[in-house]
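Notes for the one structure printed next.
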Amino acid sequence: MTPIVQVGLDTPLDRLFDYSAGEAAADLAPGRLVEVPFGRTRQVGVVLGSLAETAVDGIKLRTILRVLDDRPALAPEVLRLARFCADYYHYPLGAVLLATLPPRLKNATPYLADTPWLVVTALGRAEGPAPRARAQHALLEALREAPQARAYLRAIKQGRHAAALVAAGWAEWTRLPPEAEPPPEGPRPAPATAEQQAALDVLLPTLGEFAVHLVHGVTGSGKTELYLRVIDAVLAAGRQALVLIPEIALTPQLEGHFRARFPGRRFATLHSGLAEAARTENWLAAADCDVLLGTRLAVFAPLPRLGLIVVDEEHDTSFKQQDGLRYSARDVAIARGKQAGVPVLLGSATPSLESYAQARSGRYRLLELRQRAIAAARLPEIELVDLRHVPQENGLTAPALAALHATLARGEQSLVFLNRRGYAPALYCPSCAWVSPCPHCSARLVLHRGAQRLKCHHCGFETRIPSACPDCGEPDLKPLGQGTQRVEETLATHLPGARIRRIDRDTMRPRAWAELGTAVHGGEVDVLVGTQMLAKGHDFPNVTLALILDTDGALYSPDFRATERLFAQLMQVAGRAGRAEKPGRVLIQTAFPDHPLFRHLQRHDYAAYARELLAERKQLELPPYTRQILVRAEATTMDAALAFLRRAAALAPDAPGVSVFAATPAPMARVAKLERAQLLIQSPSRAALQAFVRDWRPRLETIRPRPARWSLDVDPLVF
DNA sequence: AGCACGCCGACT
DNA sequence: GTCGGCGTGCTC
């Protein structure tokens, strides 16, 4: 019972704060949430340890105001994971902890647990009220059949009887929704394919130990089925499964799929689309559930019986948080799996290069599913349309239009992929070459015809479409290039009568996916035009043509990850064509048909492409695997941003094996009125990099003047 | 990050 | 005479 506790607080200061425990000393185990005075404010913090005496001298320690005993203490495994993140991402421990907590538990207002369901207890099954207490008796009978909702009981005026049953210990309130009725037997899962069985033979005997398995499975090879079978074994052993997916909005059917497969199991979901109250409730419920399905933030949920982590579509960049604590849920999942001693399954048809390299080197185990589970499903033919020789009109070539016509005539569906929303990527003045610059960014304003506005897709700036060139007064401004709106318009004129649906951020509301799925499955759509949103999400079995327009920007981008992303997107779009018995066709318009990417794409051979990229980078004599830290600074002038980074570099400690590169403007140099520059630190050794930053970070905090924003971003990287 | 303290320009 | 601009410093 020491009088001093160390508390983690949500502040950028990378240290813990000592408080005198006061009268609460007995109740201050690590993980406990407390309210403390901090500066002129009060804050919620997390108790992380206790001391006999403080190392801070010269100040009188302040006292804990209150222990927040209306919520559970953070479990030791969550604290441990937070410590890893603080260390790995060089982010203050207190800030990590508060960032991972659901919203309602972060403030000191008393938390009233929402317990909307009344369920029978074991005691209530064995005994009950005397038959004379007829109302209570009837209610308990009903509870033995199924849990009852509080709102319903209130509506039928059973609240008092419910309270009486709870008081007697025959029933209790719970926050978990009742177990669903076992759904009618769905189609029985097909027997495991030989490949699935081979993977299971590797996975099932090693469930109790940490290992990372990279499941590389082509579209339709039954990755999900493999997850389900492993999860089944984990649940049977009484453990919990955590399933991470990139975006819940794109997979509305997935939760139903899981529930149907494991009737009677307790499910919880966790993602930022949930209302605050629901998110907090589900976070609390996660500790008791069997399967937790969620987006990146779910990786921090309390799971005391964790037995398996699945990261589906592991290459997806949504797993990386882009601000604040810049964590990658895929990497945190691996750290968590290691801490908990449980296997981690990374699954993808197009694994990220860093995961693939780990698998090649033997640190991860590679499980390949090469065959499509549905035997009839053939991989589509991929043809290139050479834009150097074939003319295009409004972004479409004659072969592309012919293919669309033919598909439409057969009553089949087509998918047109163009990674640019809006009508045209810029508005152009033919007399003075003005091209609609964004006043806040280094990007171009995109023409949106429907909304009659110019919009910046980087900072959100919007303005009316000018009636004449702002520079020279020329009234006849032209749209430059193609966006999805314009392609939709062009297609409508070439395919009269075709039912065309555009799928991009402008047309898709969060709940619209289910409706779209029904419309496409029901044959109410002939042509889908859209951005990368089309590459993810639903399977559309009657799509037999995929048309890919304008990929060339990413082919020779200086950002080599743009090429990797493009390959993954193209594989996914190609995988959408011809999944049924009908042969599919993929047409790609490009001015660079000789690019090696297409050679591998035409063979549907992602692995060969990945191996070639790895070999290429090896030839450049780059270390095969490295970690980089980007220090980003944003200031009102580029000079200020660069000045900060130059001083930062000057304060860098000498460390063997760590390279500090010059500060440069960031690729998107100007965002929302702030100039952005970055400094690159690289090392193949995590330990060296960690020691370097530990030494360096306090010095960074002393640099004055400070830019408007600065941050450290850690990324594993493969060369 | 917040939040206050602290000295210099244009306003009721 | 003061309202408020953002530079600087502090938070157990």
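Residue numbers start from 1 in every chain, and the chains themselves are labelled A, B, ... in the order their sequence lines are given, proteins ahead of strands.
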| message | What I want to find out is whether A:Glu354 reaches A:Arg561 closely enough, with some N-O distance under 4.0 Å, to be called a salt bridge. | response | yes

| field | Closest to the A:Pro12 side chain, choosing from B:dA1, C:dT11, B:dA4 | value | B:dA1

| query | When you measure from the side chain of A:Leu13, which nucleotide among B:dA4, C:dC12, C:dT11 comes out closest? | reply | C:dT11

| Expressed in angstrom and rounded to an integer, what is the separation of A:Glu35 atom CD from C:dC12 atom P? | 14 Å

| query | Using a cut-off of 4.0 Å on non-hydrogen atoms, how would the nucleic acid contact of A:Phe38 be classed: base, sugar-phosphate, or nothing? | reply | base

| query | Going by number, which of residues 704-713 of chain A have a non-hydrogen atom under 4.0 Å from DNA chain C? | reply | A:Arg704

| Starting at the 5' end of DNA chain C, which residue's closest nucleotide do you reach first, A:Arg40 or A:Arg62? | A:Arg40

| Basic-acidic side-chain contact under 4.0 Å: A:Asp18, A:Arg62 | no

| query | Cut-off 3.5 Å, side chains only: do A:Glu314 and A:Ser352 have a donor facing an acceptor? | reply | yes

| task | Could you tell me whether A:Arg266 and A:Asp288 have a side-chain N and a carboxylate O separated by less than 4.0 Å? | result | no

| According to the interplanar angle, ranging from 0 to 90°, do the rings of A:Phe84 and A:Tyr89 count as parallel (below 30°), tilted (30 to 60°) or perpendicular (above 60°)? | perpendicular

| task | For the side chain of A:Asp18, starting at C-beta, report the closest nucleotide among B:dA1, C:dC12, B:dC3. | result | C:dC12

| field | A:Arg42 CZ - B:dA1 C1' separation (whole Å) | value | 20 Å

| request: Find the distance A:Leu98:CG to B:dG2:P and express it as a whole number of Å. | output: 12 Å

| query | Could you give the CG-to-C1' distance, from A:Leu325 to B:dA1, as a whole number of Å? | reply | 15 Å

| A:Asp10 has an atom CG; how far is it from atom P of C:dT11, in whole Å? | 18 Å

| query | Does A:Asp316 come within less than 4.0 Å of A:Arg330, counting only side-chain N to carboxylate O? | reply | no

